[in-house]
Amino acid sequence: MPSKSTLLWFRRDLRLGDHPALTAAAARGTVIPVFIHDDSVANLGAAPKWRLGLSLECLGAALEAKGSRLILRRGPALEVLEELIEETGVDAVYWSRLYDGTAQERDSRVKEELGNNGIEAKSFGGHVLFEPWTVATQQGNFYKVYTPFWKSVRDREVDTPLPAPDLTAPSEWPGSEALPDWELGAGMARGESIVRRFANPGESAAQSRLGAFMAQGVDEYATRRDLPAEDGTSNMSEHLTTGEISPAQLWHAALREEKDGKAGAETFRKELVWRDFAYHLLYHTPRLTEGNWREEWDAFPWNEDERRKEVTAWKQARTGIPIVDAGLREMYVTGRMHNRVRMNVASYLSKHLMCHWLIGLKWFEDCLIDWDIANNALGWQWAAGSGPDAAPYFRIFNPETQAKRFDPDHAYIKRWIAEGQENPSKDALSYFDAIPASWGLSPSDPYPAPIVSADEGRKRALDAYENRGF
DNA sequence: TCTTTGTTTAT
DNA sequence: TAAACAAAG
């Protein structure tokens, strides 16, 4: 019986379990997995690009363990897919949907062109819990506020995660490029030596981490997740953004714990829904990533010049505000930053330093191994106050109050700031190994005085807010 | 997913 | 005197 053959186009779904597109492809017949290095990869920031390489390595190995392979090709997606169709004679291309404007545009063109040539081009869910067009208000609009969004989805059914399918290999494999030749870590000089200690790539790593979190962490998640010195978060972000794990797998794992009476499990589901909310907004308003979601904020006098000394001090983590510098250093060294601290560094840049949040968004995009296009954009707009779900007051964090409340014994700050300490931690010192020599910083430098103090910055930002003209 | 200020309550 | 609370931005 002639079996059908499908190209499975991997993008941000680098797993075999709970993969609806892969499962459907496997059910049709032979599967040829492919990852394409197109502009969406070329344009990634240094850290996400490097992290992607680790994930691809793991996916390739996992496929080989199933008698399959990951074919790597470089070029515009449509051209590459057409070449592969020609070479292999497949009659279908399957993939998991993405929701940002660039990907949507590319994918609908691919779908149309391949469809015109008699190829079945089909997209599947899996990247989010709820397709953005399936969540709507009574009036039929998309949601702009988190809490009603949460209420509308909290009790919804989420499909039970699928097992990894068996894969049938083609009789002949098309040629593949070699992953090392792509040099995905080239922009990441600090990658191998420093960040590699913290990255945890691959589907099986994601599953063990999830297991550990559900066994131990989730019960106290609601309280511990806010304390940056503790390992109280799920640590799932780098897996979610690469698709090494699916949100549905996390949702169901949390539901099981919720039924067992684990206190933090619902809080964890709420955090998953924040991610979905970000994708919901991104899908309905793609400009979320590009500028003030509330256009009246264009009148706010943010500095947009990246060369300003405040921006340099912020990027180099020498603002003189310990919680801010600690967070920026954690990000530089580990590729991640505790969420509580993300809010603080974002607030300090956009309010105290009066610098445009897009400058910060781009720096995060370059530095975070868990960079997620929707989460990053919503997070920055939220902190800046320019986004949907805005507070009815001028949102401005006090970095001193926040440090007192969430890092009362300075454990987090001490972990990441070397200057002025007799015995700096290994992590604090590793920041100085990671940064470029051209920054000219040394752990024996004195810790700088605040470039803008908590009080002074608050006053200045409030003043700008009151005179903003809207 | 906040901060400040002023007031009340507990010790 | 500090902690808890309420209100307003």
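Residue numbers start from 1 in every chain, and the chains themselves are labelled A, B, ... in the order their sequence lines are given, proteins ahead of strands. A quick note: this is a predicted structure, and the numbers were derived from the prediction, not measured.
Note that the first and last nucleotides of DNA chain B, 5' to 3', having any atom under 4.0 angstrom from a heavy atom of chain A are B:dT1 to B:dT4.
Note on A:Ile396: only backbone sugar-phosphate atoms sit closer than 4.0 angstrom, heavy atoms only; bases stay farther off. Within the 4.0 angstrom heavy-atom criterion, base atoms lie near A:Glu271. Among the atoms of the strands shown, none is found under 4.0 Å from any heavy atom of A:Arg342. If you check every strand for non-hydrogen atoms under 4.0 Å, A:Phe394 touches nothing.
Classification of the A:Phe142-A:His284 ring pair by plane angle, with boundaries at 30° and 60°, yields parallel.
Salt-bridge formation is not detected for the pair A:Glu220/A:Arg225: no Lys NZ or Arg NE/NH1/NH2 atom is positioned less than 4.0 Å from an Asp or Glu carboxylate oxygen.
Rounded to whole Å, atom C1' of C:dG9 lies 8 Å from atom OH of A:Tyr465.
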Listing, residues 391-401 of chain A side-chain donor-acceptor contacts under 3.5 Å, not counting sequence neighbours, or none:
residue: A:Arg395; atom: NH1; partner: A:Trp382; partner atom: O; Å: 3.2
residue: A:Asn398; atom: OD1; partner: A:Glu400; partner atom: N; Å: 2.9
residue: A:Asn398; atom: OD1; partner: A:Thr401; partner atom: N; Å: 3.3
residue: A:Asn398; atom: ND2; partner: A:Thr401; partner atom: OG1; Å: 3.2

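A distance of 5.5 Å separates CG in A:Leu52 from CG in A:Leu184, rounded to the nearest 0.5 Å.
For the pair A:Arg415 and A:Tyr412, the cation-pi test (distance below 6.0 Å, angle within 45°) is failed. Because its NZ or CZ atom is both nearer than 6.0 Å to the ring centre of A:Tyr465 and within 45° of the ring axis, A:Arg468 counts as a cation-pi partner of that residue.
Looking at A:Asp455 and A:Ser453, their side chains never bring a donor and an acceptor atom within 3.5 Å of each other.
Using a 4.0 Å cutoff on non-hydrogen atoms, no part of residues 216-227 of chain A comes near DNA chain B.
Taking the side chain as every heavy atom from C-beta outward, A:Arg460 and A:Lys351 never approach each other to under 4.5 Å.
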